[in-house]
Amino acid sequence: MVNKIKVKNLSCYYNKQCVLNSLNINILQHEILSIIGPANSGKTTFLRTLNRMNDLNVNYSRKGEIYLDNNNIFFMNMESLRKRIGMLFEMPIPLPMSIYDNIVYAPKLLNIVSNKSDQDAMVEKVLKNVSLWNEVKDRLNSSAMKISGGQQQRLCIARILAINPEVILFDEPCSGLDPISTAKVEESMIRLKQKYTIVLVTNNVKQASRVSDKTAFFLMGKLIEINETGKLFISPQKKQTGDYITGRFG
Ligand SMILES: Nc1ncnc2c1ncn2[C@@H]1O[C@H](COP(=O)(O)OP(=O)(O)O)[C@@H](O)[C@H]1O
Ligand SMILES: [Mg+2]
């Protein structure tokens, strides 16, 4: 398998305080890597660093390198990086416009689609990709604020797909969702990995074991362990990992 992202000796700081310490991680193309760990382990900081979301924060600094297909992301043009690495936040909120317009908004700005029939085709395709098409196809022009929280979450994933990224970052995407909505988001992720590379931060260790190929355990800014998901859950190499996945702390 092809290496998609290579993280080399990455350390991150807020106000000079180290919150991620000398991280080395390789992420393969078309795999789902889950990142688990207690609050304040640096999981979100890691995701935000992967698409340079923290660059404008004057209190933030970093050392080390991240490569996307062997190109250093810190030398890349920001717009092309964000097109290639999309991010879904914890509480995704649709834009206050129709379901249809939510999806075509960014692609129009970026000139990815021009005519109406291309837009229609794209809307249908990305909604099918997140299993939302059948639920909303008869009300594409009604407000996105009126659909359920789980549907909004999948709509926000569809919006990212519309930009056609290579990597998608998910930060605790199911933390506010009920089990049925969670299962639908998980199904979408498993389907999406055929085309995309996915990094999933989750506070739900069962979710990591259900959907991911590899799992990394972060604790207080350190990568304690990373392995194939089955192996990490069946025979963790570090005591802290075992304690965390069996719920003994966290
Ligand atoms: N914008 C910020 N400014 C200052 N400190 C921050 C900021 N964001 C996160 N931190 C701190 O960095 C550490 C890691 O946070 P975070 O990456 O959000 O961890 P996690 O997502 O694992 O909960 C925590 O101690 C948190 O308080
Ligand atoms: Mg977080």
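Keep in mind it's a predicted model, so treat the numbers as computed, not measured. Order of listing sets the numbers, starting from 1, for every ligand and every atom in it. Keep in mind that the numbers below use all heavy atoms, side chains included, and drop hydrogens, waters and symmetry copies.
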Check your understanding: If you measure every N/O of Gly42 against every N/O of ligand 1, is any gap under 3.5 Å?
Key -> yes
Point to revise | By ring pair (Phe, Tyr, Trp, His ring centres under 6.0 Å) - contacts of Phe170 (at least two apart) | key: none
Check your understanding: Picking from Met145, Met97, Gln152, what satisfies side-chain contact (heavy atoms from CB on, under 4.5 Å) with Asn102?
Key -> Met97
Check your understanding: Just by distance, do the side chain of Asn54 and the backbone of Arg48 share a donor-acceptor pair under 3.5 Å?
Key -> no
**Study point:** Distance flag, aromatic centroids of Tyr60 and Tyr13, threshold under 6.0 Å
**Key:** no
Point to revise | Residue of the set Lys83, Lys193, Arg84 for which salt bridge (Lys or Arg N to Asp or Glu O under 4.0 Å) holds with Glu166 | key: Arg84
Study note, to complete from the structure: for atom 16 (P) of ligand 1, nearest protein heavy atom and its distance come out as Thr45 OG1, 3.7 Å
Study note, to complete from the structure: shortest atom 13 (C) of ligand 1-to-protein heavy-atom contact is with Val19 CG1, 3.6 Å
Practice item. Determine, using heavy atoms of Asn57 and all atoms of ligand 1, whether some pair is separated by less than 4.0 Å. Key: yes
Practice item. Considering only non-hydrogen protein atoms, determine which one is nearest to atom 3 (N) of ligand 1 and report residue, atom name and distance to 0.1 Å. Key: Tyr14 CD2, 3.6 Å
Review point. Could an N or O of ligand 1 be found under 3.5 Å from any N or O of Lys43, whether backbone or side chain?
Key: yes
Practice item. Can you pull out the closest protein heavy atom to atom 24 (C) of ligand 1? Residue, atom name and distance to 0.1 Å, please. Key: Asn40 OD1, 3.5 Å
Review point. Ala39: heavy atom below 4.0 Å from ligand 1, yes or no?
Key: yes
Review point. With no hydrogens and no angle check, do the side chains of Asn204 and Thr202 hold a donor and an acceptor under 3.5 Å apart?
Key: no
**Study point:** Heteroatom N/O/S of Thr44 within less than 2.8 Å of the Mg ion (ligand 2)
**Key:** yes
Point to revise | Gln207 backbone acceptor or donor facing Glu186 side chain under 3.5 Å | key: no
Practice item. Please determine if Glu135 and Lys184 form a salt bridge, counting it only when a charged side-chain N lies under 4.0 Å from a carboxylate O. Key: yes
Revision key, fill the gap. Among non-hydrogen protein atoms, atom 18 (O) of ligand 1 lies closest to Thr44 CB, 3.7 Å
Check your understanding: What are the atoms of ligand 1, with element, lying closer than 4.0 Å to any heavy atom of Ser41?
Key -> 19 (O), 20 (P), 22 (O)
